**Q** 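Let me give you the structure first, and then I'll get to my questions.
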Amino acid sequence: AQQSGDRIGGVVFDDQQHMELPPARGKAAVARLLKGLVAHAALSKTSAKSEAIYHLNHALLRLKRLVKPGSLIFIISDFRHLDFDSHNKNSGASLLANIARHNDTFALAVADPLELAAPEVSGRAQISDGRNKLGLILGNGKANAAYQQAVAGREARLQAFCTSNKIRLETVMTNDEPLLGIERLLR
């Protein structure tokens, strides 16, 4: 972007907050975006987590207001909270479809291998988010099958949505090199 004189900006968000970086040109704009990404990641790690109040839908609403038609848009998310309510013009899917209608839009879905498949072990386990603990009973074939079906359904719905809205979609695993997913998107 910097070499070709394009403007670069972004909406960086997590469950608790967002940061808007309006599009600008030059080395300073690239540096501002990179510093914003690093600062936001550091703040996210140190801030106390509570119930999620900020979702992808909010970021897409901000992005729709910020972006100019004809832009190149990259959305990097797990898309877990993408709202597919087609009757609501402010649902995440409606906003994303509207953004994609007027821009070249690429989606990079970030997934964790542990979220995609239930562990193939049996017994009891405990998980925590650092504050709350949850006990699990692993190895239940019916529960594992239902979980796999739900994950596959969510992935298929996102793929179908992106295809019908001319959004190029790639998935990158959390244990992959992040730039590989972006390179696949751009091929």
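Just so we're clear, the structure is a prediction, and the values are computed from it rather than from any experiment. In what follows, residues are counted from 1 in the order of the sequence shown.
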**Q** Please list, chain by chain and in numerical order, all residues satisfying side-chain contact (heavy atoms from CB on, under 4.5 Å) with Ala24, sequence neighbours excluded.
**A**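 In terms of side-chain contact (heavy atoms from CB on, under 4.5 Å), with neighbours along the sequence ignored, Ala24 is linked to Ala29, Arg32.
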**Q** For residues 92-111, which residue pairs qualify under side-chain hydrogen bond (donor to acceptor under 3.5 Å, both in side chains), counting only residues two or more places apart or in two chains?
**A**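 Applying side-chain hydrogen bond (donor to acceptor under 3.5 Å, both in side chains) to every pair that reaches into residues 92-111, excluding sequence neighbours, yields Ser91-Ser94.
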**Q** Salt bridge (Lys or Arg N to Asp or Glu O under 4.0 Å) with Asp78: which residues, sequence neighbours excluded?
**A**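 Arg80.
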**Q** Out of curiosity, Leu63 CG to Ile73 CD1, how far, rounded to the nearest 0.5 Å?
**A**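 Going from CG on Leu63 over to CD1 on Ile73, the span is 5.0 Å.
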**Q** State which residues pass side-chain contact (heavy atoms from CB on, under 4.5 Å) with Lys142; sequence neighbours excluded, sorted by chain then number.
**A**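 So Lys142 forms a side-chain contact (heavy atoms from CB on, under 4.5 Å) with Asn140.
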**Q** Considering residues at least two apart in sequence or located in another chain, which fulfil the side-chain contact (heavy atoms from CB on, under 4.5 Å) criterion with Arg124?
**A**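 Here the qualifying residues are Ile137.
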**Q** Hey, could you give me the CG/CZ distance between Leu72 and Arg7, rounded to the nearest 0.5 Å?
**A**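 Those atoms lie 13.0 Å apart.
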**Q** Please round to the nearest 0.5 Å and tell me the distance separating atom NZ of Lys27 and atom CD1 of Ile8.
**A**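 Between Lys27 NZ and Ile8 CD1, I get 14.5 Å after rounding to 0.5 Å.
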**Q** Just to verify, what does Leu66 make a side-chain contact (heavy atoms from CB on, under 4.5 Å) with, not counting sequence neighbours?
**A**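 In terms of side-chain contact (heavy atoms from CB on, under 4.5 Å), with neighbours along the sequence ignored, Leu66 is linked to Val11, Glu20, Pro22, Pro23.
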**Q** Where do Pro113 and Thr174 come nearest, in terms of heavy atoms and distance?
**A**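 Looks like CD-OG1, 3.6 Å.
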**Q** If hydrophobic clusters are built from ILVMFWY residues whose side chains come within less than 4.5 Å, do Val172 and Leu180 share one?
**A**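 They do not share one cluster, since no chain of ILVMFWY contacts under 4.5 Å joins Val172 to Leu180.
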**Q** Search all heavy atoms of Asn57 against all heavy atoms of Leu82 and return the closest pair with its distance.
**A**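 Distance-wise, the nearest heavy atoms are OD1-CA, 4.0 Å.
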**Q** If you look only at distance, which donor and acceptor atoms sit under 3.5 Å apart when one is on a side chain in residues 157-169 and the other is two or more places apart or in another chain?
**A**
from: Gln159; atom 1: NE2; to: Thr163; atom 2: OG1; distance (Å): 3.1
from: Thr163; atom 1: OG1; to: Gln159; atom 2: O; distance (Å): 2.9
from: Ser164; atom 1: OG; to: Ala160; atom 2: O; distance (Å): 3.2
from: Ser164; atom 1: OG; to: Phe161; atom 2: O; distance (Å): 3.0
from: Asn165; atom 1: ND2; to: Phe161; atom 2: O; distance (Å): 2.9
from: Arg168; atom 1: NH1; to: Leu185; atom 2: O; distance (Å): 2.8
from: Arg168; atom 1: NH1; to: Arg187; atom 2: O; distance (Å): 2.8
from: Arg168; atom 1: NH2; to: Arg184; atom 2: O; distance (Å): 3.0

**Q** Does any pair with a residue in residues 164-187 pass ring pair (Phe, Tyr, Trp, His ring centres under 6.0 Å), and if so which ones, sequence neighbours excluded?
**A**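 Matches after skipping sequence neighbours: none remain.
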**Q** Is it the case that over 12 heavy atoms from other parts of the model lie below 6.0 angstrom from the CD atom of Glu177?
**A**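 Yes, CD of Glu177 has more than 12 neighbouring heavy atoms, counting only those of other groups under 6.0 Å.
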**Q** Roughly how far, to the nearest 0.5 Å, is CG of Leu60 from CD1 of Ile75?
**A**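 Between atom CD1 of Ile75 and atom CG of Leu60 there are 5.0 Å.
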**Q** With sequence neighbours excluded, tell me which residues meet ring pair (Phe, Tyr, Trp, His ring centres under 6.0 Å) with Phe74.
**A**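 By the ring pair (Phe, Tyr, Trp, His ring centres under 6.0 Å) rule, Phe74 matches Phe106.
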**Q** Hey, what do you get for NE2 (His81) to NE2 (His58), rounding to the nearest 0.5 Å?
**A**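 NE2 of His58 is found 11.5 Å from NE2 of His81.
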**Q** Going from CG on Asp112 to CG on Asn175, what distance comes out if it is rounded to the nearest 0.5 angstrom?
**A**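 One finds 7.5 Å between CG of Asp112 and CG of Asn175.
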